[in-house]
Amino acid sequence: MTAATPLPAFAVGNWPCWFSAGRRILPATPQKETRLRTLVVIPTYNEIDNVRPMAFDVLQQHVDIDVLFVDDNSPDGTPEAVRQLAADESRVHALIRPSRLGLGSAYLAGFDFALERDYEAVVTMDADFSHAPRYIPALLDQLRDRDIVVGSRYVRGGGVKNWGLVRRWFSRAANLYTRLLLWIPTRDCTAGFRAYRSEALRRLPLDGVLSSGYAALEELMYLAHKVGFKVDEVPIIFEGRRAGESKISHREIFHGLCHVPLLRVRSLFGIGSL
């Protein structure tokens, strides 16, 4: 059989990376234990500079990890980039949606994709390297006896880098606000870096999730605690994005602030799936 011609190499740090059409040639980091068969779901919108190095870094964490990029028809060429990655690397998948439908709905689409294909675990994370792929093994290790594990900025050992004082204050205030209104013990309720057991996702009323945007993160955590899931947090350092621009807007922030008390009202009056 004639070997496929590799694409041009790119570098991440000091590591070269190649993708070859139709088969996996990425070297795997040796692991002592077999990981859960895991799908890492990464929503994208205008992330063309990040998707290729992100795919490489995630796939290096273990041979049992695949990547799904959920792109909302980015105008910067990201859809074409992730389609090419999926064509060249069997462990990369692309889901291109017709328009900008929101972060929360991207995660839900990723959950559906994973459950339909019998992945044992799902990890959600950002495309911009604010969530470092090196933490994925720690999340999956902790998931062995938990339903959900959060990559947390606000437990001992966690933190943030390259944030100003106002952003730090607002993030902590938003988490405290959510925890007090929804009676959630998780310290980082707004974190998007999470690992879920697939069997736990099947028990969540995902069809009843109200928010399609960033507020879905708080809603999913709220539902998990109401169901009685075992939720744990592992420390991470949240870093500023490497390239591109932040997608969260003032409108999203306002929606999140309003969405939290709405969840409490629905619970008090017995409205919804739980």
Side-chain angles (χ1 to χ4, degrees), residues 12 15 17-44 51-71 82-83 85-96 105-127 129 131-152 191-204 206-207 217 220-221 223-224 227 229-234 236:
V12 181
W15 291 85
C17 176
W18 296 267
F19 286 103
S20 180
R23 61 192 181 91
R24 177 173 57 80
I25 61 171
L26 288 173
T29 302
Q31 300 288 338
K32 293 181 180 180
E33 299 179 7
T34 301
R35 306 281 179 190
L36 297 169
R37 183 168 176 262
T38 301
L39 182 69
V40 176
V41 177
I42 307 177
T44 56
V51 289
R52 185 175 282 267
M54 174 58 75
F56 172 70
D57 273 14
V58 171
L59 294 182
Q60 287 301 291
Q61 303 309 312
H62 199 274
V63 294
D64 290 333
I65 292 175
D66 291 358
V67 177
L68 171 67
F69 289 105
V70 183
D71 187 78
V82 297
R83 285 193 184 102
L85 284 172
D88 294 339
E89 168 53 55
S90 62
R91 293 165 61 199
V92 175
H93 309 277
L95 177 58
I96 311 301
S105 69
Y107 285 149
L108 295 178
F111 294 159
D112 288 341
F113 186 98
L115 296 178
E116 289 170 1
R117 290 159 180 80
D118 295 323
Y119 285 92
E120 297 171 283
V122 181
V123 172
T124 59
M125 63 187 300
D126 292 346
F129 286 94
H131 299 147
R134 68 179 180 274
Y135 293 116
I136 292 174
L139 268 65
L140 294 177
D141 283 345
Q142 198 72 3
L143 195 66
R144 293 182 181 280
D145 57 357
R146 298 291 187 272
D147 296 301
I148 300 174
V149 177
V150 178
S152 177
F193 198 9
R194 299 176 183 174
Y196 301 82
R197 275 194 172 273
S198 293
E199 59 194 55
L201 288 174
R202 295 184 192 279
R203 292 166 52 200
L204 280 179
L206 298 177
D207 291 341
L217 294 170
L220 287 167
M221 189 55 59
L223 293 175
V227 169
F229 284 174
K230 295 179 180 178
V231 180
D232 205 350
E233 301 179 78
V234 297
I236 67 162

Distance-only, no hydrogens or angles: does the Thr38 side chain make a donor-acceptor pair with backbone N or O of Leu36 under 3.5 Å? yes

Residues at least two apart in sequence or cross-chain that pass ring pair (Phe, Tyr, Trp, His ring centres under 6.0 Å) with Tyr107, listed by chain then number, are none

d(Leu140 CG, Glu120 CD) to nearest 0.5 Å is 10.5 Å

Tightest non-hydrogen contact, residues Leu143 and Ala121, listed as CD2-CB, 3.8 Å

>> Could you check whether Arg194 makes a cation-pi contact with Tyr196, meaning its NZ or CZ is under 6.0 Å from the centre of the six-membered ring and within 45° of the ring axis?
In response: no

Whether Arg83 side chain and Ala94 backbone form a donor-acceptor pair below 3.5 Å: no

For Phe229, the ring pair (Phe, Tyr, Trp, His ring centres under 6.0 Å) test, sequence neighbours excluded, returns none

Rounded to the nearest 0.5 Å, the CZ atom of Arg144 sits from the CZ atom of Arg197 at a distance of 8.0 Å

Correct closest heavy-atom pair for Phe69 and Val51 would be CZ-O, 3.4 Å

Rounding to 0.5 Å, atoms CD (Glu116) and CG (Leu39) come to a distance of 11.5 Å

Heavy-atom closest pair (Leu217 atom, Gly192 atom, distance to 0.1 Å) is CD2-CA, 3.8 Å

Heavy-atom nearest pair, Leu59 first then Glu89, reads CD1-CG, 3.7 Å

Residue set satisfying side chain to side chain donor-acceptor pair (under 3.5 Å) with Arg134, at least two apart, ordered chain then number -> Glu239

The reported gap from CG in Asp232 to CD in Gln142 (rounded to nearest 0.5 angstrom) is 4.5 Å

Smallest heavy-atom separation, Pro43 atom then Met125 atom, equals CD-O, 3.5 Å

> If we only count heavy atoms from C-beta on, is the Asp57 to Phe129 side-chain gap below 4.5 Å?
Replying inline: yes

4.5 Å side-chain heavy-atom contact, Val149 and Asp141:
no

dist Leu139:CG -> Glu233:CD (nearest 0.5 Å) comes out at 10.5 Å

Between Leu201 and Leu206 the two heavy atoms that sit nearest each other are O-CD1, 3.9 Å

(Q) Are the side chains of Val234 and Tyr135 in contact, using a 4.5 Å heavy-atom criterion? (A) no

Donor-acceptor under 3.5 Å (Ser198 side chain, Leu115 main chain): no

Interatomic distance, CG@Asp112 vs CG@Leu68, rounded to 0.5 Å, equals 11.0 Å

* To do: Flag the pair Met221 / Val150 as yes when at least one side-chain heavy-atom distance between them is below 4.5 Å, and no otherwise.
  => yes

Salt bridge or not between Asp147 and Arg202? Use side-chain N to carboxylate O under 4.0 Å. no

